[in-house]
Amino acid sequence: MEDRKFETLAIHAGAEIDPATKAVTSPIYPSTTFEREADGSYPQGYSYTRSGNPNRAALEHCLSTLEGGAAAAAFSSGSAAAASIFRALSPGDHVLAPDDMYHGIVKMLTEVFIPWGLKPSFVDFSDLANVRANLRHNTKLIWLETPSNPLLKITDIEAVAELARSAGALLACDNTWTPPALQPVFALGADLIMHASTKYLAGHSDVLGGVVLSRRDDEFFARIRNLQVLEGAVPSPFDCWLTLRGIKTLPYRMRAHCEHAALVAEFLSEHPRVARVYYPGLASHPGHELAAKQMRRFGGMLSFTVTGGQEEAMALAARVKLFTRATSLGGVESLIEHRASIEGPDSKTPQNLLRLSVGLEHPDDLIADLRQALDGL
Ligand SMILES: *Cc1c(COP(=O)(O)O)cnc(C)c1O
């Protein structure tokens, strides 16, 4: 099975014909509890759904197959998945993280994990000298997000993995923007991958979830598994089932997301009301060459600044008719978002920046919508 192609694995990994009914699509197992044999054993390995559930096991198996990991733990949100990695560290440990990354995890590190005892610091990862200079004797984890959110900075994953190894730290990548096959970070030396499966993996803006994948089934992953089971931030069987259903079309959705984003980026980069486009697929992007080396495609997310300030950005977002003004990303529908106002008053994101999650509508329609909105500014 494992040597089959990605498109085939996305459909078949974790999807078995139900032996009891021969149902082609797997049943959903809402049961919270499972019967013991007369001798006290659990022949299928399931006893209580917080500890393990067939739908969750199928999702975890599918994701570790797709990423080429040794183990996976699914959570009720991307945030819960990220938290399990931080909590598997020890109070006093230093975490090195990028200065541009998903703001919810910055808030989590600052508001939850500093009081808990972690020592995070945030530096610009696009210059590796910053990463090297900020490693400490107690650095236990490097957290990486590339392309970063929302500025799409590109970091050299292989080089950071090497720095992590030399410091005796683990490298964890938030790969939410680059679902399996887009950026094979385990092959580049990462130890852990976190996905908000809420986004591209589930793919339809209708289920919240997260996963941690580990390159090795080791002692550190055992701590994450233990936190998953003891703290119980697990996804429901239906959430797992929905996410697995989404994954079946992931390879084809991602092709179109990436193709459409490239066309939209090109259009925007030529419009006089656009100041700057942040998309690693553009040759003008400072991280373009590096992105071309470590990404198979350039992704479906991009940001751009409009000429002017917050007022012009909000006016543009108000004028679009096909893009939906909403946060989140990775669904079939295109979204437009003013990031600075959702990130709050301490956001460093430019006030004239809008972020696009480019969806699966026809790219001509997406571009026409942006054109009428920009032309009317
Ligand atoms: C959405 C997101 C998260 C958090 O996931 P939730 O499911 O909302 O908790 C983490 N990282 C990135 C990059 C995200 O886009």
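A quick note: this is a predicted structure, and the numbers were derived from the prediction, not measured. Counting starts at 1 for both ligands and their atoms, in listed order.
Not a single side-chain contact (heavy atoms from CB on, under 4.5 Å) links Ala368 to another residue, sequence neighbours left out. For the ring-ring contact (aromatic ring centres under 6.0 Å, His included) test, residues two or more places apart in sequence or in another chain that qualify with Phe86 are Phe113, Trp143.
Screening residues 181-227 for ring pair (Phe, Tyr, Trp, His ring centres under 6.0 Å), with sequence neighbours left out, gives Tyr200-His257.
Atom CD of Glu16 has 12 or fewer heavy atoms from other residues, nucleotides or ligands within 6.0 Å. When the shell of 6.0 Å around CZ of Arg225 is examined, it contains more than 12 heavy atoms from other residues, nucleotides or ligands.
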Could you give the N/O to N/O pairs under 3.5 Å linking ligand 1 and the protein, each with its distance?
| unit_1 | atom_1 | unit_2 | atom_2 | d |
| --- | --- | --- | --- | --- |
| ligand 1 | 7 (O) | Gly78 | N | 2.8 |
| ligand 1 | 7 (O) | Thr198 | OG1 | 2.7 |
| ligand 1 | 9 (O) | Gly78 | N | 3.3 |
| ligand 1 | 9 (O) | Ser79 | N | 2.8 |
| ligand 1 | 9 (O) | Ser79 | OG | 2.6 |
| ligand 1 | 11 (N) | Asp174 | OD2 | 2.7 |
| ligand 1 | 15 (O) | Lys199 | NZ | 2.7 |

Derivation of the salt bridge (Lys or Arg N to Asp or Glu O under 4.0 Å) call for Arg215 and Asp191 = CA-CA 5 Å; Arg215 188 152 55 94; Asp191 302 291; 3.2 Å; yes
